[in-house]
S.K.: 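Shown below is the structure under consideration.
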Amino acid sequence: MLKKQMIMSGLLLAALGTAAFAQEERGTAEQRAACTSDAFRLCASYIPDATNVEACLRQRKSDLSEACRAVFEHAAAAASVRTVGSHRYRGAKDEE
């Protein structure tokens, strides 16, 4: 049982790590580790598809452990800052 769980953990981390190279950064090793148990508990049917595992975890946010929820809240806050910073401020003179 423990061997099977370790193999699945390795597969999940490998899938998340591989996807990080193919797409945007999917978090640090520590962030992935914080969500590994939640991924197995809540989204095992999506493993090894990292994109679907991430989507599943986002949908089940209220069921996540504190550590994993913090990862997603931090990511959302960082994305919000990037979005706000990327838009040029339009003042009254710009609208004339």
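Here the structure is a predicted model, which is why all the values come from computation and not from measurement.
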S.K.: May I have the list of side-chain donor-acceptor pairs in residues 65-72 shorter than 3.5 Å, sequence neighbours left out?
M.R.:
{"unit_1": "Ser65", "atom_1": "OG", "unit_2": "Asp38", "atom_2": "OD2", "d": "2.7"}
{"unit_1": "Ser65", "atom_1": "OG", "unit_2": "Cys68", "atom_2": "N", "d": "3.3"}
{"unit_1": "Arg69", "atom_1": "NE", "unit_2": "Lys61", "atom_2": "O", "d": "3.4"}
{"unit_1": "Arg69", "atom_1": "NH2", "unit_2": "Leu64", "atom_2": "O", "d": "2.7"}

S.K.: With no hydrogens and no angle check, is any side-chain donor or acceptor of Gln59 less than 3.5 Å from a backbone partner on Cys56?
M.R.: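 Side chain of Gln59 to backbone of Cys56: no pair is present.
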S.K.: If you take all heavy atoms of Ile47 and Ala39, which pair is closest and at what distance?
M.R.: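 Reported closest heavy-atom pair: CD1-O, 4.2 Å.
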S.K.: Between Asn52 and Tyr46, what is the shortest heavy-atom contact and its length?
M.R.: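 Nearest pair, atom of Asn52 first, then Tyr46: CB-CD2, 3.6 Å.
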